[in-house]
Trainee: 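This is the structure I have questions about; it appears just below.
What you see below is based on every heavy atom in this structure, not just the backbone, and it leaves out hydrogens, waters and symmetry mates. In this text, all values refer to a predicted model and were calculated from it rather than measured experimentally.
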Amino acid sequence: MHPVTFSATLDEALNLVGTFVFALSGALLAVRKHYDIIGMIVLAEITAIGGGVLRDLVLGAVPPAAFTDHISFLLPIAAAVLTFFTHARMNRIQAAVLVFDAAGLAVFCVSGAAKAVAYGIGPIESVALGALTAVGGGIMRDMLANEQPVVLREDSTLYAVPAVLGAAIVVVVTHLHRYGPAVAALAAALVFAVRLGALRYGWHAPHPKRNGPQGDDDL
């Protein structure tokens, strides 16, 4: 029996928005790396669909949604082509990458958690899967571009934490039978705001206390 989603229209809208903005971040990173149009499309595609593919494989929703909908492949290509012709008008490409990445993070943690709950996954697992949906594509993008993934950087500002927060909100509200477009939009907006706030003010997750500058060598 195929699981019932909360709202097919809402789920589709969230995924389309997340796919496009994540694809833009991948294409912009390719520009910063001086890749050609093929490299831009590859990074745009993997960033846009990577997290969703991981989510669907974990849920057993095969083939993954990205491989059953032509739009999921065409949107990243369109984003790459758009970036190819308009990136020169952007004054700060790196800032644009971060903004679009934050938008994709916000949208995908919401849609990922909602789909996990719809498939009968437990609340904790749904939160984890929502976060994985949000950060998976970005991790693949950074690895392909020979960059250290954001979630593993020593100086990284909050990244996975906002995704976990957004996914947790979706799971809690869903179990209260209050999930809908307004809640999804508010949860995504909160994640987006927290991520941008972390970038602006340098919010970090706690680090383990070190005994001294040579502490790592004494292990």
Side-chain angles (χ1 to χ4, degrees), residues 12-58 61-112 129-160 162-163 188 191-192 195-196 198-199:
E12 182 180 354
L14 288 172
N15 278 291
L16 289 177
V17 172
T19 296
F20 189 71
V21 294
F22 253 158
L24 287 174
S25 77
L28 285 168
L29 180 59
V31 172
R32 187 165 68 84
K33 289 286 186 174
H34 306 292
Y35 292 171
D36 61 15
I37 184 62
I38 302 302
M40 292 176 65
I41 291 175
V42 169
L43 276 194
E45 288 283 2
I46 198 66
T47 309
I49 70 175
V53 169
L54 289 175
R55 174 201 63 202
D56 290 347
L57 290 176
V58 171
V62 292
F67 292 91
T68 60
D69 181 9
H70 296 308
I71 297 179
S72 296
F73 276 98
L74 294 176
L75 269 182
I77 294 174
V81 172
L82 177 65
T83 305
F84 183 85
F85 288 107
T86 63
H87 73 88
R89 300 178 184 177
M90 300 178 184
N91 294 324
R92 300 175 63 188
I93 288 184
Q94 178 61 17
V97 171
L98 293 174
V99 170
F100 285 122
D101 183 74
L105 184 83
V107 172
F108 273 139
C109 73
V110 171
S111 66
L129 199 52
L132 176 63
T133 306
V135 305
I139 290 176
M140 294 181 185
R141 174 199 64 207
D142 292 343
M143 292 179 66
L144 282 177
N146 200 29
E147 295 263 329
Q148 187 177 23
V150 174
V151 294
L152 300 179
R153 295 176 191 169
E154 181 180 2
D155 60 345
S156 175
T157 52
L158 295 180
Y159 190 71
V191 174
F192 183 67
R195 174 58 181 157
L196 290 187
L199 291 170

Trainee: For the residue pair Leu43 and Tyr35, what are the closest heavy atoms and their distance?
Mentor: CD1-CE1, 3.8 Å
Trainee: Distance from Ile46 atom CD1 to Ile41 atom CD1, nearest 0.5 Å?
Mentor: 14.0 Å
Trainee: Looking at CD of Glu45 and CG of Leu75, how far apart are the two atoms once the value is rounded to the nearest 0.5 Å?
Mentor: 9.5 Å
Trainee: Test: salt bridge (charged side-chain N to carboxylate O under 4.0 Å, His left out). Region: residues 15-25. Which pairs qualify, not counting sequence neighbours?
Mentor: none
Trainee: Taking the side chain as C-beta and beyond, is there a heavy-atom pair between Met40 and His87 under 4.5 Å?
Mentor: no
Trainee: Taking all non-hydrogen atoms of both residues into account, name the closest pair between Cys109 and Val191 and its distance.
Mentor: SG-CG2, 3.8 Å
Trainee: As an exercise, state the distance from CZ of Phe100 to OG1 of Thr47, rounded to the nearest 0.5 Å.
Mentor: 13.0 Å
Trainee: Please set out all donor-acceptor pairs under 3.5 angstrom arising from side-chain atoms of residues 131-141, sequence neighbours excluded.
Mentor:
from   : atom 1 : to     : atom 2 : distance (Å)
Thr133 : OG1    : Leu129 : O      : 2.8
Arg141 : NH1    : Ser25  : OG     : 3.1
Arg141 : NH1    : Asp101 : OD1    : 2.9
Arg141 : NH2    : Asp101 : OD1    : 3.4

Trainee: Taking C-beta and beyond as the side chain, do Leu29 and Asp142 meet within less than 4.5 Å on heavy atoms?
Mentor: yes
Trainee: For Asp56 versus Ala65, what's the shortest heavy-atom pair and its separation?
Mentor: OD2-N, 2.9 Å
Trainee: Do Leu82 and Phe20 have side-chain heavy atoms sitting under 4.5 Å apart?
Mentor: yes
Trainee: Check whether Ser156 reaches the backbone of Leu152 with its side chain - one donor and one acceptor, N or O, closer than 3.5 Å.
Mentor: no
Trainee: Looking at every heavy atom in both Thr19 and Ser72, which two are closest together, and how far apart are they?
Mentor: CG2-O, 4.1 Å
Trainee: Show the numbers, then the answer: is there a side-chain contact (heavy atoms from CB on, under 4.5 Å) between Tyr159 and Leu199?
Mentor: CA-CA 9 Å; Tyr159 190 71; Leu199 291 170; over 6 Å; no
Trainee: Indicate the atoms forming the closest heavy-atom contact of Thr83 with Ala27, along with that distance.
Mentor: OG1-CB, 3.6 Å
Trainee: Got more than 12 heavy atoms from elsewhere within 6.0 Å of CG, Asn146?
Mentor: no
Trainee: So, for Ala102 and Arg195, which heavy atoms are closest and what is the spacing to 0.1 Å?
Mentor: CB-CG, 3.5 Å
Trainee: Per the ring pair (Phe, Tyr, Trp, His ring centres under 6.0 Å) rule, what does the pair list look like for residues 61-86, sequence neighbours excluded?
Mentor: Phe67-Phe73
Trainee: Between CD1 of Ile49 and CG of Asp69, what distance do you get to the nearest 0.5 Å?
Mentor: 11.0 Å
